[in-house]
Amino acid sequence: MAAVTLTNVVKRFGTFEVVHGANIAIADGEFVVFVGPSGCGKSTLLRMIAGLEDISGGEIAIGGKLVNDVEAADRGIAMVFQSYALYPHMTVEQNLSFGLRMNGNPKADTDRRVKRAAGILCIEELMQRRPKQLSGGQRQRVAIGRAIVREPQVFLFDEPLSNLDAELRVQMRVEISRLHKELGVTMIYVTHDQTEAMTLADRIVVLKAGNVEQIGAPLDLYDDPANRFVAGFIGSPKMNFLKANVVEQDQRSVTVELANHGGAKLKKPLCEALPAVGTEVVLGVRPEHFFEVGEGDCDIPVKADVAEHLGSVSYVYANAGAEELVVEREAARQRASGDHFTVSIKAERSLLFDKTGARIR
């Protein structure tokens with residue numbers, strides 16, 4: 001096991017900089033997920049940790065050892081990719097043992113490692129099958145097993161579940177989480193799927209356009225996002241954003257008027273420097289933080305466009321003047337397309353952002 005530290009890590013392709021001074025400290029045995037939209041630099045960061053990409057600036061350390069100039073094979077890492085990359089002519093057992101055999105590892109130790117990996121992943125009965133005889137989930141288990149037999153200090157996962165269907169993705173998320181608890185090894189996992197990030201991670205690194213936007217525990221990012229991007233990216237459905245203007249101010253709060261909702265006002269307590277009267281701001285409200293009339297501090301009339309009833313939860317995609325809202329609540333089960341109803345917002349369950357997207361606290 002080993003800690004991984006990135007200090008002012010930069011990556012350039014020619015003159016184009018794709019990672020801008022990333023600083024990330026991953027503790028020994030921690031499960032950290034890099035998440036963000038396509039092109040944000042998360043896979044590039046992972047490949048630099050793995051030694052598959054040279055870094056253009058900064059330092060990467062694994063287990064306290066600087067590895068900037070260390071070859072990938074000597075970094076004590078194992079990587080699982082989106083593609084299974086199994087040898088089709090080999091059995092599962094041969095696929096698992098191949099790397100060790102090529103490195104001249106003693107046969108007894110190789111057999112021990114393969115047997116251990118097969119037991120951890122519950123694939124003992126598959127050992128004599130070839131990849132074409134396996135399901136997608138079974139192939140991914142073998143790919144993970146091939147990493148386990150190396151007994152690495154750090155596991156790196158690059159969107160390993162992207163090729164699986166929805167049911168298998170859920171199953172494999174559970175398997176990977178269980179694997180981390182059993183092995184206790186440092187794991188770094190890249191995905192664009194925030195559901196995977198929320199369910200797997202000890203901590204999440206949210207990336208945007210090569211910048212680290214925020215690092216924290218999943219529920220900390222959900223409840224206390226640093227900016228509008230994090231607030232909108234973490235959570236499904238995403239947070240609602242309503243345009244507003246500051247119309248009143250005192251020492252401890254501001255009152256905002258929602259721009260597209262008939263003069264509806266909300267008084268929001270704040271701790272930091274208060275925005276001046278006339279400042280344009282954005283009010284953020286999660287779908288589950290809309291309440292019944294009389295339960296909140298500000299009421300908004302809306303019209304239902306689409307109602308999604310998913311059993312345990314229902315979402316109403318509603319038109320609220322010039323803005324679209326997603327509403328989650330128990331009463332939504334009775335809503336249908338075209339219904340008019342009113343929702344209420346509590347000041348304490350809403351967030352405020354300035355025009356740049358920075359959080360106003």
Side-chain angles (χ1 to χ4, degrees), residues 194 197-198 203-206 208 211-302 313 315-332 341-361:
Q194 58 91 23
M198 291 290 287
R203 286 192 303 149
I204 296 173
V205 178
V206 182
K208 177 189 177 186
N211 291 301
V212 176
E213 295 290 311
Q214 189 173 359
I215 303 174
L219 292 180
D220 290 343
L221 298 189
Y222 187 84
D223 294 333
D224 192 24
N227 54 48
R228 180 173 171 175
F229 175 78
V230 176
F233 195 84
I234 299 296
S236 180
K238 70 177 185 178
M239 181 178 284
N240 298 283
F241 296 107
L242 309 175
K243 293 182 180 179
N245 298 284
V246 177
V247 293
E248 294 178 28
Q249 181 196 85
D250 59 32
Q251 292 183 340
R252 302 295 295 175
S253 67
V254 295
T255 299
V256 299
E257 181 177 78
L258 302 183
N260 298 304
H261 301 283
K265 295 180 181 179
L266 181 73
K267 187 173 183 179
K268 177 71 177 169
L270 296 173
C271 299
E272 298 178 355
L274 305 181
V277 171
T279 304
E280 294 180 11
V281 293
V282 175
L283 188 72
V285 185
R286 293 218 178 268
E288 68 270 25
H289 293 159
F290 287 108
F291 299 87
E292 300 293 338
V293 175
E295 295 180 356
D297 305 303
C298 173
D299 296 337
I300 302 174
V302 298
V313 67
Y315 297 109
V316 176
Y317 293 80
N319 185 306
E323 294 170 322
E324 300 291 326
L325 300 180
V326 184
V327 178
E328 175 199 330
R329 56 187 183 143
E330 189 174 344
F341 61 104
T342 300
V343 295
S344 190
I345 301 170
K346 289 183 179 180
E348 65 187 45
R349 304 311 297 266
S350 63
L351 305 177
L352 211 59
F353 306 91
D354 66 22
K355 287 201 301 182
T356 69
R359 176 87 174 276
I360 304 172
R361 299 177 185 274

Main-chain N/O of P275 paired to Q249 side chain as donor or acceptor, under 3.5 Å
yes

Under the rule for side-chain contact (heavy atoms from CB on, under 4.5 Å), what residues qualify as partners of P218, not counting sequence neighbours?
M198, A201, I204

Verify side chain to side chain donor-acceptor pair (under 3.5 Å) between E323 and H261, making sure each step is shown before the conclusion.
CA-CA 9 Å; E323 294 170 322; H261 301 283; 2.7 Å; yes

Could you tell me which residues satisfy ring pair (Phe, Tyr, Trp, His ring centres under 6.0 Å) with F229, sequence neighbours excluded, listed by chain and number?
F233

Partners passing side-chain hydrogen bond (donor to acceptor under 3.5 Å, both in side chains) against R203 (at least two apart in sequence or in another chain):
E30

Side chain to side chain donor-acceptor pair (under 3.5 Å) between N227 and Q214: does it pass, once the steps are laid out?
CA-CA 9 Å; N227 54 48; Q214 189 173 359; 5.8 Å; no

With sequence neighbours excluded, give me every side chain to side chain donor-acceptor pair (under 3.5 Å) pair touching residues 228-245.
none

Tell me, please, which residues at least two apart from R286 pass salt bridge (Lys or Arg N to Asp or Glu O under 4.0 Å).
none

Shortest non-hydrogen pair, L274 vs S253, comes out as CD1-O, 3.8 Å

Partner set under side-chain hydrogen bond (donor to acceptor under 3.5 Å, both in side chains) for D223, not counting sequence neighbours:
none

Salt bridge (Lys or Arg N to Asp or Glu O under 4.0 Å) partners for D224, two or more places apart
R359, R361

Quick one: list whatever passes salt bridge (Lys or Arg N to Asp or Glu O under 4.0 Å) with K267, sequence neighbours left out.
D250

Just jot down the side-chain hydrogen bond (donor to acceptor under 3.5 Å, both in side chains) partners of S344, sequence neighbours excluded, or say none.
D299

Please enumerate all residues that pass side-chain contact (heavy atoms from CB on, under 4.5 Å) together with A358, with sequence neighbours excluded.
D354, T356

Excluding sequence neighbours, so at least two apart, what forms side-chain hydrogen bond (donor to acceptor under 3.5 Å, both in side chains) with E288?
Y222

The side-chain contact (heavy atoms from CB on, under 4.5 Å) partners of P269 (sequence neighbours excluded) come to A347

